[in-house]
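Only one structure is covered here, and it is reproduced in the block below.
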Amino acid sequence: MSCFVPHQANGVLLAELAERCGLGSAHTHLTLSRYGNVGSASVPVALDDADEQGLPADGDLVLLAVSAAVCRSAPASSAGVRPALTPRCASPR
């Protein structure tokens with residue numbers, strides 16, 4: 001995977017999630033420090049920000065980690081993104 005774009009409500013949680021899921025080699029695109037918690041718009045905001053920076057490149061695999069509210073408010077299909085089902089990777093300690 002080339003790029004990880006998660007729902008961005010908590011930076012500490014995101015760091016732990018990336019570590020537990022083995023996503024260290026992926027670029028985790030975060031905008032939380034610049035925009036704060038923008039609720040259900042966090043993934044669309046991060047995708048737009050990544051696009052402005054030229055990320056991801058054509059052909060890159062992108063993992064979107066979204067909440068149910070994000071899925072309802074900004075369907076991936078409307079942005080030309082093909083959604084895929086992925087297993088949960090973070091388990092409680």
Side-chain angles (χ1 to χ4, degrees):
M1 172 187 11
S2 305
C3 190
F4 173 48
V5 181
H7 170 67
Q8 300 182 33
N10 182 316
V12 174
L13 176 76
L14 294 174
E16 179 74 17
L17 176 67
E19 179 185 326
R20 284 190 187 193
C21 293
L23 299 173
S25 64
H27 169 75
T28 301
H29 197 79
L30 301 176
T31 57
L32 189 60
S33 64
R34 283 179 288 168
Y35 302 113
N37 182 354
V38 294
S40 63
S42 67
V43 170
V45 166
L47 284 172
D48 182 64
D49 187 73
D51 183 57
E52 287 178 5
Q53 295 179 30
L55 300 168
D58 286 345
D60 281 354
L61 180 60
V62 178
L63 173 62
L64 305 177
V66 299
S67 68
V70 173
C71 290
R72 286 192 298 268
S73 66
S77 60
S78 68
V81 176
R82 185 178 56 194
L85 297 175
T86 57
R88 292 182 184 199
C89 59
S91 59
R93 290 187 181 189

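Note that this is a predicted model, so its numbers are computed, not measured.
The hydrophobic cluster containing L14 does not contain V5, counting ILVMFWY residues as joined when their side-chain heavy atoms lie under 4.5 angstrom apart, directly or transitively. Note on V62: it does not cluster hydrophobically with L55, by side-chain heavy-atom contacts below 4.5 Å among ILVMFWY residues.
Taking the side chain as every heavy atom from C-beta outward, N37 and Q8 never approach each other to under 4.5 Å. A 4.5 Å side-chain heavy-atom check between R34 and D49 finds at least one atom pair inside the cut-off. The shortest distance between side-chain heavy atoms of F4 and L17 falls below 4.5 Å. Side chains of P6 and L30 form a contact here, defined as non-hydrogen atoms less than 4.5 Å apart.
Nearest heavy atoms, A46 versus T31: CA-CG2, 3.9 Å. Here the closest non-hydrogen pair linking A65 and V43 is O-CG2, 3.9 Å. Across all their heavy atoms, H7 and S42 have their closest contact at ND1-OG, 2.8 Å.
Rounding to the nearest 0.5 Å gives a distance of 11.5 Å between CD of E52 and CG of L47. Interatomic distance, NE2 of H29 versus SG of C3, reported as 7.0 Å (0.5 Å rounding).
In this structure, the side chain of D48 does not engage the main chain of V45 through any donor-acceptor pair within 3.5 Å.
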